[in-house]
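Below is one structure; the comments refer to it alone.
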Amino acid sequence: KPRVTVVGGGLAGSECAWQLARRGVPVTLREMKPVKRSPAHKSDQLAELVCSNSMRSDNPESAIGLLHAELRAVGSLILGTADTHRVPAGDALAVDREKFSDGVTQAVREHPLVQVVPGEVEALPEEGLVVVATGPLTSEALTRELERHVGQKLYFYDSIAPIVSGDSIDMEIAFRQSRYGKGEGDDYLNLPMNREEYYRFIAEVKAGQKLTPHAFEEPKYFEGCLPIEVMAERGDDTLAFGPMKPVGLMDPRTGQSPHAVVQLRMEDRAGTSWNMVGFQTRLTWGEQKRIFTTCIPGLQNAEFLRMGQIHRNTFIDSPRLLDKDLSLKAERRLFFAGQITGVEGYVESTACGYLVALAAYARLTGGEFVPPPATTAMGSLYRHVTGEAHPPDYPHQPSNVIFGLFPPLPGRVKKADKRARYSARAQEEFAAWLPSVAVPQSLQRSA
Ligand code: FAD
């Protein structure tokens, strides 16, 4: 089979290279370490965990735990190695990071079909299938090169707003309305605030504990997506004239325009989860929960599916740029895998690397790439990257795997039963898909 070049030997690139090799495809894995390192990478090994040593909850009734189970089922190198080097951490899957990276490096390097070539890739190979898996801190030269291929600037920062589960919002307080009745007229949920509530909220945001950026993340925010605390510091009324402006909105219960509003935009087509528009923030997760539930009317019982975050992150506008097999529409020999596609996290990037290996293998063998069912953790991540999980024109922002990306459960389900139901449905449909991605029998000995 023709050789595939994988650029970047992180979580996604290592998984992708190894999965291709075990299917009999020769791979060149080009990793810039140890010749050059990103500001966050420290070791010389592949699959380095740059921050926490935790791969988060292993409980299959959480979306991430479900993703662990799916990756185990497909024989993931990363998950298998994590299991081997697991350290006690309650229900989380945490690893001895050095032994974990050593284990992955050894498996990849020792595979007879993988050749690891060190050094920064500044220009993509001109021929053959290429998988770009250079992660959130893709080197600068390659970022420029990728911009040339994709035909637009890459995103350089995440500005992630929190997501709230729809059934935890107090609908006695929230009202559905678009500014000036635009669009469908009720595309947004609005949480109205009076003067007193608004200024109390601003005071809390200013005083709240924030995360300090890493040294290489010197704050260079776009004016269009400033963190709420930066806006609050500019002046107590800045947010009321910005994302919290009440213009064009009328609270049907009072017949008046509120002093300020928190607007929530539908996150999935079914409206089961809602994005707090313009609420990107570096407040710590604990502070976000405390301030939002105590200061924003209607969120007193909010269940947060994702918290607000901001960090440096290179990623592409995947829903518009990538085809269904995660190759670039404009240049189909280029595939994208891992965090650069807009998935977020070690395990999510691994899953994306695995899916791209399936897609590239299908391309090489003339087979069909069959994505995992939408109801599974992998399938929902895939639908996030392709945009199918979101309303049309939804602005692409990186996401962890969360139940908010899953298609809603049919019928009315009690809140306490939801996780178990998502999990049971995913496990059943994943089991039905699994045989279609088995490594061919004839190759299993070398795998
Ligand atoms: P990476 O794992 O970053 O791998 C990319 C690889 O490409 C690297 O080895 C890099 O050296 C290489 N590379 C880059 N440019 C080139 C080039 N031009 N040529 C050749 N090679 C190149 N996720 C979590 O789940 N938990 C956390 O606690 C966490 N903390 C994080 C903290 C920081 C500071 C950052 C930046 C990210 C954090 N993440 C965390 C996100 C996590 O790092 C990513 O989700 C994951 O590593 C992405 O996997 P990847 O394979 O896409 O990229």
Side-chain angles (χ1 to χ4, degrees), residues 5-18 28-57 64 67-68 77-78 82 89 92-95 97 100-101 104-105 108 116-125 130-146 154 156-158 160 211-217 285 309-316 318 326 335-357 381 385 398-401:
T5 305
V6 175
V7 185
L11 280 305
S14 301
E15 184 73 38
C16 184
W18 189 80
T28 301
L29 177 59
R30 298 185 60 182
E31 165 53 54
M32 71 177 178
K33 297 191 303 177
V35 181
K36 188 172 175 179
R37 290 197 186 85
S38 86
H41 288 83
K42 302 278 177 272
S43 91
D44 290 344
Q45 304 297 60
L46 301 174
E48 179 176 348
L49 304 179
V50 290
C51 190
S52 160
N53 67 333
S54 170
M55 299 197 176
R56 319 207 300 282
S57 173
I64 183 71
L67 190 60
H68 289 173
L77 171 66
I78 297 290
L93 170 58
V95 300
R97 69 174 74 235
F100 164 77
S101 291
V104 174
T105 306
V108 172
V116 180
V117 178
E120 179 184 4
V121 171
E122 297 186 2
L124 294 177
V130 177
V131 177
V132 180
T134 43
L137 303 173
T138 296
S139 75
E140 215 171 306
L142 187 62
T143 302
R144 300 286 91 78
E145 162 82 346
L146 293 175
L154 301 194
F156 200 56
Y157 271 94
D158 284 349
I160 297 182
L211 289 172
T212 326
H214 291 265
F216 57 90
E217 295 185 309
W285 289 12
Q309 296 164 53
I310 297 183
H311 37 66
R312 197 184 130 181
N313 193 1
T314 311
F315 64 101
I316 61 169
S318 297
L326 307 182
F335 290 81
F336 284 78
Q339 190 141 330
I340 199 162
T341 66
V343 299
E344 173 86 32
Y346 302 143
V347 185
E348 289 86 342
S349 300
T350 300
C352 187
Y354 170 76
L355 290 178
V356 170
L381 262 187
V385 172
S399 181
N400 290 122
V401 65

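Every heavy atom of this structure was used, including side-chain atoms; hydrogens, water molecules and symmetry mates were not. Numbering of residues begins at 1 and proceeds along the displayed sequence. For ligands, and for the atoms within them, numbers begin at 1 and follow the listed sequence.
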Would you check if the side chain of T341 reaches a backbone N or O of G338 as a donor-acceptor pair within less than 3.5 Å?
yes

R30 contact mode with ligand 1 (heavy-atom cut-off under 4.0 Å)
backbone

Would you confirm whether E348, through its side chain, and V401, through its main-chain N or O, come within 3.5 Å as a donor-acceptor pair?
yes

Measuring from R37:CZ to K42:NZ, what's the distance to the nearest 0.5 Å?
8.5 Å

Under 3.5 Å: N/O of M32 near N/O of ligand 1:
yes

Applying a 4.0 Å heavy-atom criterion (strictly less than), which segment of A47 is in contact with ligand 1: side chain, backbone, both, or neither?
neither

Among C51, S14, S139, the residue with a heavy atom nearest to atom 30 (N) of ligand 1 is C51

Sequence neighbours excluded, which residues qualify as side-chain contact (heavy atoms from CB on, under 4.5 Å) partners of A351?
L67, L71, M378, L381

Just jot down the side-chain contact (heavy atoms from CB on, under 4.5 Å) partners of Q309, sequence neighbours excluded, or say none.
I160, W285, R306, H311, E344, N400

Where ligand 1 meets G345 - atom numbers and elements under 4.0 angstrom, heavy-atom basis:
23 (N), 24 (C), 25 (O), 45 (O)

Just let me know how L142 lines up against ligand 1, side chain, backbone, both or neither, with a heavy-atom cut-off below 4.0 Å.
side chain

Out of K33, E48, E348, E31, who gets a non-hydrogen atom closest to atom 10 (C) of ligand 1?
E31

Is the closest heavy atom of A133 to ligand 1 under 4.0 Å?
yes

Measuring from S101:OG to N53:CG, what's the distance to the nearest 0.5 Å?
11.0 Å

Per-atom filter on ligand 1: closer than 4.0 angstrom to a heavy atom of S52 are 28 (O)

Under a plain distance cut-off of 3.5 Å, with no hydrogens placed, do E15 and T350 share a side-chain donor-acceptor pair?
no

Contact partition for S349 relative to ligand 1, non-hydrogen atoms under 4.0 Å:
side chain

Number the atoms of ligand 1 from 1 as they appear, then name those within less than 4.0 Å of a heavy atom of E120, with their elements.
18 (N), 19 (N)

Under 3.5 Å between some N or O of ligand 1 and some N or O of E344?
no

Straight-line distance of L93 CG to I64 CD1, nearest 0.5 Å
9.0 Å

Ligand-residue contact atoms, ligand 1 with Q339, heavy atoms, under 4.0 Å:
41 (C), 42 (C), 44 (C), 45 (O), 46 (C), 48 (C), 52 (O)

Can you name the atoms of ligand 1, numbered from 1 with element, that are less than 4.0 Å from a heavy atom of G135?
5 (C), 52 (O), 53 (O)

For A12, the ligand 1 atoms whose distance to one of its heavy atoms is below 4.0 Å:
51 (O)

Step by step, work out the side-chain contact (heavy atoms from CB on, under 4.5 Å) result for V116 and V108.
CA-CA 8 Å; V116 180; V108 172; 4.2 Å; yes

By number and element, which atoms of ligand 1 are closer than 4.0 Å to a non-hydrogen atom of L11?
2 (O), 47 (O), 49 (O), 51 (O)

I want to check something: taking the side chain as every heavy atom from C-beta on, are S57 and H68 in contact at a cut-off of under 4.5 Å?
no

Report the part of V50 (side chain from C-beta onward, or backbone N, CA, C, O) that has a heavy atom under 4.0 Å from ligand 1; answer both or neither where that applies.
side chain

Within the side chain of R56, is there an N or O that forms a donor-acceptor pair under 3.5 Å with the backbone of G345?
no

Ligand-residue contact atoms, ligand 1 with G338, heavy atoms, under 4.0 Å
52 (O)

